[in-house]
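So you know, we letter chains A, B, ... as the sequences are listed, proteins then strands, and number each from 1. Note that these values count all heavy atoms, side chains included, but never hydrogens, waters or copies made by symmetry.
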Amino acid sequence: MILVYINSSNGISKSSYESITYGKKLGDVIALTNGGASSDDLASLGQYGASKVLVDRTINGDDQQQLTKLIASAVENNSVKTVVFSHDLVGKSVAPMLSVRLKAGLVSGAISLPDAEGCVDVNVFSGKALGKVKVSSEIKIISLLPNSIQPEENGSACPVEEITADTGVPSIKVLSTKKPEGEIPLPEAELVVSAGRGLKGPENWGMVEDLAVSLGAATACSRPVADIGWRPHHEHVGQTGVAIRPNLYIAIGISGAIQHLAGVNGSKVIVVINTDPEAPFFKAADYGIIGDAFEVVPRLNEAVNKFKAS
Amino acid sequence: MKILVCISKAPDTTSKIAFSEENTKFDENGVQFIVNPYDEWYALVRALEIKEAGGGQVTIITVGGASDDAIIRKALAIGADDAVRVDSEAKDAYYTAMQISSYAKENNYDLILTGKETINYNGSQVAGMIAAELDVPFVSLASKLDVNGSTLTVEREIVGGIQVVELNAPAVISCAKGMAEQRIPNMRGIMAARTKPLNVVAAQEIDNLTEFVSYALPNAKSAVKMIDPENMDELVELLHKEAKVI
Ligand SMILES: Cc1cc2nc3c(=O)[nH]c(=O)nc-3n(C[C@H](O)[C@H](O)[C@H](O)COP(=O)(O)OP(=O)(O)OC[C@H]3O[C@@H](n4cnc5c(N)ncnc54)[C@H](O)[C@@H]3O)c2cc1C
């Protein structure tokens with residue numbers, strides 16, 4: 001049995017459907033979640049291959065120790081052999097705790113299904129290389145990098161079963177939570193528009209945001225731009241920022257330093273806009289435009305709008 | 001406050017990544033090693049700030065061979081009081097976390113800090129594993145940490161936002177950007193580091209759960225297609241029809 005943990009605190013995200021699709025390719029899938037998501041939303045996981053959804057409405061998931069106990073009890077009650085997480089904040093915190101509790105080897109940031117020998121590919125060296133990981137324990141945990149598999153619909157809504165696991169009392173008290181409305185979380189975004197120091201100042205980001213809105217893309221930036229406070233820290237991509245692998249990455253006024261490339265070279269298609277024909281980013285690009293961002297970006301935005309309208 | 005900071009050796013960010021022994025080993029030839037930036041910039045410096053404000057002790061720990069002593073001295077030069085090296089290759093995250101937990105159990109720390117991940121394996125595994133083994137609360141991807149007696153106030157990243165939480169020490173916290181500002185060691189620090197205690201302890205017998213069996217470099221990109229900056233309609237058409245991404 002395959003257990004897929006779903007974070008439903010913001011509704012069901014695309015990465016949840018990816019995890020279910022991934023799990024379905026390994027065997028029969030039970031989905032597990034917690035908190036207040038509506039049963040109709042949860043039942044939709046059946047369309048991607050879950051045979052049922054277990055939900056514990058008594059915990060909200062803010063305490064990693066409680067979440068670990070919930071997942072461990074579901075593993076024990078359903079003779080689970082593989083647990084799948086999305087490699088988001090839960091995959092990065094609860095999956096390692098579960099690994100110790102179950103003595104189950106953990107593959108973090110998986111980008112492939114297990115091969116014939118059971119080895120799974122992961123990104124290593126911040127995206128500069130791939131590694132094949134073999135897990136020797138009987139129970140295995142896989143934390144799947146977003147955008148690594150295309151969600152596949154192949155079933156219908158499934159039953160949702162309420163459960164209550166013995167998860168103890170929380171040791172973490174939440175004082176406040178801030179969730180920006182309407183923004184696409186960067187690691188999940190399929191399209192990303194990113195800009196660097198070539199934009200000269202924060203007041204020039206209007207055209208970047210306009211292009212992002214026209215495309216339905218998330219916005220990102222290079223490290224110096226976040227360091228000097230032109231853009232918020234969570235937009236910083238690269239080796240010491242967020243690593244992303246969208247379908248399309250548009251880099252505007254970014255030189256393409258090795259540390260920047262490390263975080264974005266998993267992107268399927270890269271477009272580079274830069275005034276300097278020698279900018280190293282062109283070597284990593286699929287499409288290159290040598291030109292001034294202040295002219296090219298508004299022109300590109302116009303072309304996108306024309307395309308969307310047609 | 002007694003603080004343990006876990007540090008790890010990582011290749012310098014400009015290193016050319018290559019593999020040897022039929023792509024089964026990272027090729028260390030010509031590679032300069034540094035303290036993993038998240039461990040150094042955020043976990044270690046915040047630990048030092050907490051000690052400077054309220055007293056206590058900052059110990060660093062790493063699992064590795066004698067070749068790790070250089071990065072340990074660097075961390076001592078930045079200001080840690082003493083260091084522990086568990087003398088063994090770090091076989092996997094589980095093995096590493098169990099070695100550190102076993103040392104921590106004997107020595108009772110109020111706070112264990114790590115970086116949010118290493119820049120070579122990017123696993124984000126060790127901190128959570130230590131917390132689970134010690135059965136203490138874990139806060140991951142923290143961007144702020146304030147200490148008031150034994151109460152910890154932490155700002156952390158959550159799925160789609162930021163959250164401020166409160167908990168009691170002992171705890172394990174993994175540190176990300178925002179925690180602290182990088183410190184450059186000065187001459188006095190470097191001199192002092194030479195004589196600070198570095199305890200080498202024997203490793204416990206623990207089986208690793210995972211293993212990297214081989215590595216590969218990503219496929220080389222095909223040549224870039226240059227597009228006339230006047231003709232953005234062409235780019236949009238290519239993105240739609242050729243690349244099929246919009
Ligand atoms: C340990 C370490 C970790 C690092 N981690 C990261 C990381 O995670 N992410 C990251 O991004 N960086 C990281 N860096 C920094 C990295 O080395 C580069 O300094 C940084 O990426 C450069 O940012 P940039 O491209 O925005 O700026 P610059 O290098 O200044 O490049 C600006 C570019 O804009 C172009 N330009 C100028 N004007 C225009 C215009 N009008 N129109 C179009 N183009 C224009 C220029 O030709 C140039 O190519 C790290 C560095 C170190 C040492």
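- Most heavy-atom pairs under 4.5 Å with chain B, from the set A:Leu106, A:Asn247, A:Val269, A:Val296: that is A:Leu106.
- Residue contact with chain B, scored on non-hydrogen atoms closer than 4.5 Å, involves the backbone and the side chain of A:Lys103 alike.
- In this structure, the portion of A:Val122 lying under 4.5 Å from any heavy atom of chain B is its side chain and not its backbone.
- There is no contact between B:Val154 and chain A, counting heavy-atom distances below 4.5 Å.
- Defined by atom type and a distance below 3.5 Å, a donor-acceptor pair is missing between the side-chain atoms of B:Ser214 and B:Thr24.
- Salt bridge annotation for A:Asp286-B:Lys225: absent, with no cationic side-chain nitrogen under 4.0 angstrom from a carboxylate oxygen.
- Taking CE from A:Met97 and CD from B:Glu133, the interatomic distance works out to 11.5 Å, rounded to the nearest 0.5 Å.
- Contact annotation for B:Ile119: both backbone and side-chain heavy atoms come within less than 4.5 Å of a heavy atom of chain A.
- For NZ of A:Lys268, the number of neighbouring non-hydrogen atoms (other residues, nucleotides, ligands) closer than 6.0 Å is greater than 12.
- Interface check for chain A: of the options B:Thr153, B:Asp207, B:Asp228, B:Leu235, the most heavy-atom pairs under 4.5 Å are formed by B:Leu235.
- Only the side chain of A:Val271 comes within contact range of chain B, judged by heavy atoms closer than 4.5 Å.
- Neither the backbone nor the side chain of B:Glu155 comes within contact range of chain A; no heavy atom of the residue lies under 4.5 Å from a heavy atom of that chain.
- Of the atoms belonging to A:Asp62, heavy atoms from both backbone and side chain fall under 4.5 Å from chain B.
- Judged by distance alone, the side chains of A:Asn265 and A:Lys128 never bring a donor and an acceptor atom under 3.5 Å apart.
- Interface remark: B:Tyr94 contributes side-chain atoms only to the contact with chain A (heavy atom separation under 4.5 Å).
- Counting heavy-atom pairs closer than 4.5 Å to chain B, the top residue among A:Lys140, A:Glu188, A:Lys173 is A:Lys173.
- Contacts of B:Asp135 with chain A are made by both backbone and side-chain atoms, with heavy-atom separations under 4.5 Å.
- Among the candidates A:Asn10, A:Ile172, A:Leu248, the residue making the largest number of heavy-atom pairs closer than 4.5 Å to chain B is A:Ile172.
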Practice item. Start with the C-alpha gap between A:Thr275 and A:Asp292, add the side-chain angles, then the distance that decides, and say whether side chain to side chain donor-acceptor pair (under 3.5 Å) holds. Key: CA-CA 5 Å; A:Thr275 40; A:Asp292 185 342; over 6 Å; no
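- The contact between A:Leu215 and chain B is made entirely by side chain atoms (from C-beta outward), counting heavy-atom distances below 4.5 Å.
- Salt bridge annotation for A:Glu302-A:Arg299: absent, with no cationic side-chain nitrogen under 4.0 angstrom from a carboxylate oxygen.
- Both the backbone and the side chain of A:Ile290 come within contact range of chain B, each with at least one heavy atom under 4.5 Å from a heavy atom of that chain.
- Chosen from B:Val164, B:Ile246, B:Ile162, B:Val236, the residue pairing most often with chain A at heavy-atom distances under 4.5 Å is B:Val164.
- Looking at A:Ile258, only its side chain comes within 4.5 Å of chain B, counting heavy atoms on both sides.
- Both the backbone and the side chain of B:Val213 come within less than 4.5 Å of a heavy atom in chain A.
- Residue A:Ser310: no heavy atom, backbone or side chain, is found under 4.5 Å from chain B.
- Both the backbone and the side chain of B:Ile158 come within less than 4.5 Å of a heavy atom of chain A.
- Comparing A:Ser143, A:Gly109, A:Ser176 by how many heavy-atom pairs each has under 4.5 Å with chain B, the most go to A:Ser176.
- For B:Lys144, the NZ atom counts as loosely surrounded, since its 6.0 Å shell holds 12 or fewer non-hydrogen atoms of other residues, nucleotides or ligands.
- Side-chain polar atoms of B:Lys177 and A:His236 form a donor-acceptor pair below 3.5 angstrom.
- Under 3.5 Å, the side chains of B:Thr118 and B:Asn36 contain no donor-acceptor pair of N or O atoms.
- Note on B:Leu167, B:Asn231, B:Ile17, B:Thr14: by heavy-atom pairs under 4.5 Å with chain A, the leading option is B:Ile17.
- If you measure heavy-atom distances from A:Ala95 to chain B, you find no contacts under 4.5 Å at all.
- Donor-acceptor pairing under 3.5 Å is recorded for the side chains of A:Tyr287 and B:Glu242.
- Dense packing is recorded around NZ of A:Lys308, with more than 12 heavy atoms of other residues, nucleotides or ligands lying under 6.0 Å away.
- For A:Ala104, the part lying under 4.5 angstrom from a heavy atom of chain B is the backbone only.
- The distance from the CZ atom of B:Phe19 to the CG atom of B:Asp27 is 9.0 Å, given to the nearest 0.5 Å.
- Using a 4.5 Å cut-off between heavy atoms, B:Ser174 makes no contact with chain A at all.
- Note on B:Gly161, B:Ala93, B:Ser101, B:Ser143: by heavy-atom pairs under 4.5 Å with chain A, the leading option is B:Gly161.
- Contacts between B:Leu141 and chain A at a heavy-atom distance below 4.5 Å involve the side chain alone, from C-beta outward.
- Proximity to chain A (any heavy atom under 4.5 Å) is shown, for B:Leu152, by neither the backbone nor the side chain.
- The closest side-chain heavy-atom distance from A:Ile142 to A:Phe85 is not below 4.5 Å.
- Side chain of B:Gln99 to main chain of B:Gln204: a donor-acceptor pair is present (N/O by atom type, distance under 3.5 Å, no hydrogens or angles).
- Proximity to chain B is absent for every atom of A:Thr68, based on heavy atoms less than 4.5 angstrom apart.
- Put simply, of A:Gly291, A:Gly91, A:Ala284, the one with the most heavy-atom pairs under 4.5 Å next to chain B is A:Ala284.
- No side-chain donor from either of B:Thr114 and B:Tyr38 sits under 3.5 Å from a side-chain acceptor of the other.
- Residue with the most contacts toward chain B among A:Asn7, A:Asp63, A:Leu130: A:Leu130 (heavy-atom pairs, distance under 4.5 Å).
- A heavy-atom distance below 4.5 Å is not found between the side chains of A:Val124 and B:Phe26.
- Neither side chain, B:Asp39 nor B:Ser8, offers a donor N or O lying under 3.5 Å from an acceptor on the other.
- Between the side chains of A:Gln239 and B:Thr13, no donor-acceptor pair of N or O atoms lies under 3.5 Å.
- Considering only heavy-atom pairs separated by less than 4.5 Å from chain A, the leading option among B:Asn168, B:Asn23, B:Val136 is B:Val136.
- Proximity to chain A is absent for every atom of B:Lys244, based on heavy atoms less than 4.5 angstrom apart.
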